[in-house]
Protein chains: 2
Amino acid sequence: MAEAEPPPTRSDARHNREALLIAAEDVFTRLGTDAPLQAICQQAGVGRGTLYRHFPTREHLFVALMRERVEELDLRARTLLDAPDTASSLVEWLRLYDRSATDYPGMSAQVGGGLADSTSPVEPLCRPMKRNFAKLFARAQEEGAVRTDISAVQVLTLVGALPKDPATGRTVTPYLDVVINGLLRSDHK
Amino acid sequence: MAEAEPPPTRSDARHNREALLIAAEDVFTRLGTDAPLQAICQQAGVGRGTLYRHFPTREHLFVALMRERVEELDLRARTLLDAPDTASSLVEWLRLYDRSATDYPGMSAQVGGGLADSTSPVEPLCRPMKRNFAKLFARAQEEGAVRTDISAVQVLTLVGALPKDPATGRTVTPYLDVVINGLLRSDHK
DNA sequence: ACCTGAACACCGTTCAAGT
DNA sequence: ACCTGAACACCGTTCAAGT
């Protein structure tokens with residue numbers, strides 16, 4: 001399932017785990033999130049079984065790599081809940097979300113896909129962030145700034161699915177602007 | 001490359017080709033466009049080499065299956081070029097496009113991805129349709145009905161990438177509405 | 001308790017032998 | 001000219017043997 005495993009006790013295990021994460025970061029950045037896991041084992045200098053012991057699925061690697069970023073996004077959402085302009089707070093956060101989720105090619109789709117999937121380890125990682133974004137989104141909806149026929153999670157899924165530049169992995173301009181414009185209610189401004 | 005191969009001359013070859021297409025249609029509908037090609041060979045009752053002779057890549061199968069649909073879309077775009085309301089013509093066509101591209105799970109992303117890729121056999125198949133949609137789109141842009149910072153091909157790519165219901169393969173509501181609303185210039189209506 | 005690498009399963013792709 | 005299926009390559013996953 002989607003349990004957060006406790007940190008390893010033995011020092012060689014902790015060292016291997018760290019080496020795998022460093023290798024994964026490099027390999028995913030270079031080859032995208034579909035890269036062969038073999039490349040990661042090789043670069044980390046560990047056997048294949050060791051990778052599987054530490055990270056039973058590819059998604060567990062994503063979770064470990066994305067943890068800090070997602071926590072930052074969660075924090076930013078909470079901060080923006082105190083900002084006066086609901087619509088521009090929402091837009092600012094969505095741009096940040098898009099940026100964070102595209103640091104590794106393919107990561108955006110992985111995060112977006114796991115967001116609402118209870119069998120994915122991505123789901124528990126993102127749950128707090130989702131909750132706080134949902135508040136931010138609901139606040140904008142209540143003020144009439146954005147359409148009400150779409151849920152907060154759907155917005156995140158949609159942004160995560162926007163087509164990417166194959167070279168940089170970033171969302172192609174102006175897809176995010178189109179979506180943001182489509183979310184905002186024109187009769188409100 | 002992306003050549004349109006001539007139809008086979010020998011009757012057994014033609015029969016095998018037909019059997020492969022019927023099997024592919026069934027398998028892709030049931031298992032999506034990522035289904036093992038092995039399943040298609042098996043269901044068609046032919047050897048693996050035969051599949052590769054007729055359809056050198058998975059995308060060549062898509063092209064054969066999508067040909068009729070894409071030609072219909074092309075025809076519809078030409079018809080709509082004579083309709084008076086540019087914006088509603090555009091919207092009507094985009095809904096038709098979304099519907100056509102989601103008849104097989106995963107097909108939408110395949111078509112959207114191959115649309116602008118000169119190495120894909122999807123590209124030459126869709127070229128006429130793209131041209132006529134581009135006219136439809138340009139007409140709406142000239143009238144000020146839609147934003148001008150996005151190209152016609154980008155619109156098709158964006159619609160093709162919208163998240164799908166895993167069960168039905170169809171675009172989830174209201175993603176297409178959000179995008180359409182985002183394309184339309186609110187100061188125009 | 002943890003690591004290693006051989007072994008297995010799966011799938012795509014090629015090609016020598018056959019008709 | 002076309003078909004077939006064995007053979008190969010690649011990658012993910014498991015597990016028996018080792019420390």
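Convention: sequence-line order gives letters A, B, ...; per-chain numbering from 1. This one's a predicted model, so the numbers in the text were calculated from it and none came from an experiment.
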Asks: Provide, to the nearest angstrom, the distance between the NE2 atom belonging to A/H60 and the P atom belonging to D/dG12.
Replies: 16 Å
Asks: Look at the side chain of A/R48 and the base of D/dT13, then say whether one donor and one acceptor between them are separated by less than 3.5 Å.
Replies: yes
Asks: Mapping B/D34 and B/R10 onto DNA chain C by nearest heavy atom, which one lands closer to the 5' end?
Replies: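 Looking at DNA chain C, the more 5' nearest nucleotide goes with B/D34.
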Asks: How long is the line joining CG of A/L51 and P of C/dC2, in whole Å?
Replies: 16 Å
Asks: I'd like to know if the side chain of B/Q38 reaches the main chain of B/R48, judged simply by a donor and an acceptor atom lying under 3.5 Å from each other, with no hydrogens or angles considered.
Replies: no
Asks: Identify whether the distance between the nearest side-chain nitrogen and carboxylate oxygen of B/E123 and B/R127 falls below 4.0 Å.
Replies: yes
Asks: Whole Å only: how far is the CD1 atom of B/I40 from the C1' atom of C/dT13?
Replies: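 Whole-Å distance recorded here is 15 Å.
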Asks: Of A/G49 and A/A35, whose closest DNA chain D nucleotide lies nearer the 5' terminus?
Replies: A/A35
Asks: Whole-Å distance between C/dC3 C1' and A/F55 CZ?
Replies: 15 Å
Asks: Using the rule given for salt bridge (Lys or Arg N to Asp or Glu O under 4.0 Å), can you reason through A/D74 versus A/R69, listing the C-alpha separation, both sets of side-chain angles and the distance that settles it, and then say yes or no?
Replies: CA-CA 9 Å; A/D74 182 31; A/R69 255 168 268 261; over 6 Å; no
Asks: Side chain of B/D12 only, please: which of D/dC11, D/dT4, D/dC3 is the nearest?
Replies: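 My answer, after comparing the listed nucleotides, is D/dC3.
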Asks: Nearest whole Å is fine: how far is D/dT4 P from B/Q42 CD?
Replies: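 Rounded to whole Å, this separation is 13 Å.
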Asks: What is the pairing partner of D/dG5, taking Watson-Crick or G-U wobble pairs with both distances under 3.5 Å in any strand?
Replies: C/dC15
Asks: Would you say A/V155 ends up clustered with A/V153 if hydrophobic residues are merged whenever their side chains have heavy atoms under 4.5 Å apart, either directly or through other cluster members?
Replies: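 No, it is not one cluster - the side chains of A/V153 and A/V155 are not joined through contacts under 4.5 Å.
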Asks: Considering just the side-chain nitrogens and oxygens of A/H54, establish if one lies under 4.0 Å of OP1 or OP2 belonging to C/dC2.
Replies: no
Asks: With respect to the phosphate group of C/dC3, does any side-chain polar atom (N or O) of A/N16 fall under 4.0 Å of OP1 or OP2?
Replies: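 Result: yes.
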Asks: Hey, does the side chain of B/Q141 reach the backbone of B/S151 with a donor-acceptor pair shorter than 3.5 angstrom?
Replies: no
Asks: In whole Å, what is the span from the CZ atom of A/R14 to the P atom of C/dC3?
Replies: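 These atoms are roughly 12 Å apart.
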Asks: Between D/dT4, C/dT13, D/dG12, which nucleotide has the shortest distance from any of its atoms to the side chain of B/Y52?
Replies: C/dT13
Asks: The side chain of A/A13 is closest to which nucleotide in this list: C/dG12, D/dG12, C/dC2?
Replies: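 Selected nucleotide (nearest to the side chain): C/dC2.
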Asks: Side chain of A/L37 only, heavy atoms from C-beta on: which candidate in C/dT4, D/dT13, D/dC11 is closest?
Replies: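 Of the options given, the side chain of A/L37 lies nearest D/dT13.
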Asks: I need the NE2-P distance between A/H15 and C/dT4, as an integer number of Å.
Replies: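 Interatomic distance, NE2 of A/H15 to P of C/dT4: 11 Å.
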Asks: Distance check needed: D/dG18 P versus A/R53 CZ, whole Å only.
Replies: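 To the nearest whole Å, that distance equals 17 Å.
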